[in-house]
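Written below as C-alpha cells is the structure these notes are about.
Quick caveat: nothing in here was measured; it's all calculated off a predicted structure. Numbers here are sequence positions counted from 1.
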Amino acid sequence: MTNPYLAYALLLEAGLEGIAGEWEPPEPVNRNLYEAPESELKEIPQLPATYRDAIRLAEESRLVRKVLPEGMLAAYRSQARE
C-alpha cells in the first residue's frame with residue numbers, strides 16, 4: 001500500500017527540515033521492547049495501529065500537507081473509508 005516514491009519524498013523533506021531547523025534526534029531506544037513492561041511502552045512514541053489512524057495523522061501533519069497534494073490525501077482518505 002505504500003508508494004516508495006512518496007515515502008522517499010516525505011523522508012527527504014523531513015530530513016531537510018531537520019537539518020535546516022537544527023533539530024536534535026531523540027535518544028535511541030536500546031532495549032528489547034517485546035520484553036518491556038506496559039508502563040515503559042507508554043513513554044515511547046508508537047506508530048499508528050490502523051490505516052485510518054495513519055491517514056488521520058497524515059492529514060494533521062504540516063509536513064505531509066506540504067509534500068503531498070490535497071488530491072493525493074483525498075485519495076488515501078477515500079481508501080481509508082472502504
hydrophobic_cluster_shared for [Y] and [X], side chain cutoff 4.5 Å:
X   : Y   : value
V64 : L12 : no
W23 : L10 : no
L11 : L68 : no

| request: Let me see the working for N3 and M72 under side chain to side chain contact (heavy atoms under 4.5 Å, CB included), right down to the final yes or no. | output: CA-CA 11 Å; N3 180 322; M72 190 163 293; over 6 Å; no
How long is the straight-line distance from [atom2] of [Y] back to [atom1] of [X], given to the nearest 0.5 Å?
X   : Y   : atom1 : atom2 : answer
I55 : T50 : CD1   : OG1   : 9.5 Å
D53 : Q46 : CG    : CD    : 12.0 Å
R77 : E70 : CZ    : CD    : 5.0 Å

| Heavy-atom neighbours of L47 CG exceed 12 at 6.0 Å |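 Not buried by this count: 12 neighbours or fewer within 6.0 Å.
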| task | Identify whether the distance between the nearest side-chain nitrogen and carboxylate oxygen of R56 and E60 falls below 4.0 Å. | result | yes
Closest non-hydrogen atom pair, [X] against [Y]:
X   : Y   : answer
A54 : P48 : N-CB, 3.6 Å
V67 : A9  : CG1-CB, 4.0 Å
A14 : L63 : CA-CD1, 3.6 Å

| task | Examine the side chains of Y76 and E59 and answer whether a donor and an acceptor come within less than 3.5 Å of each other. | result |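 Side chains of Y76 and E59: no pair found under 3.5 Å.
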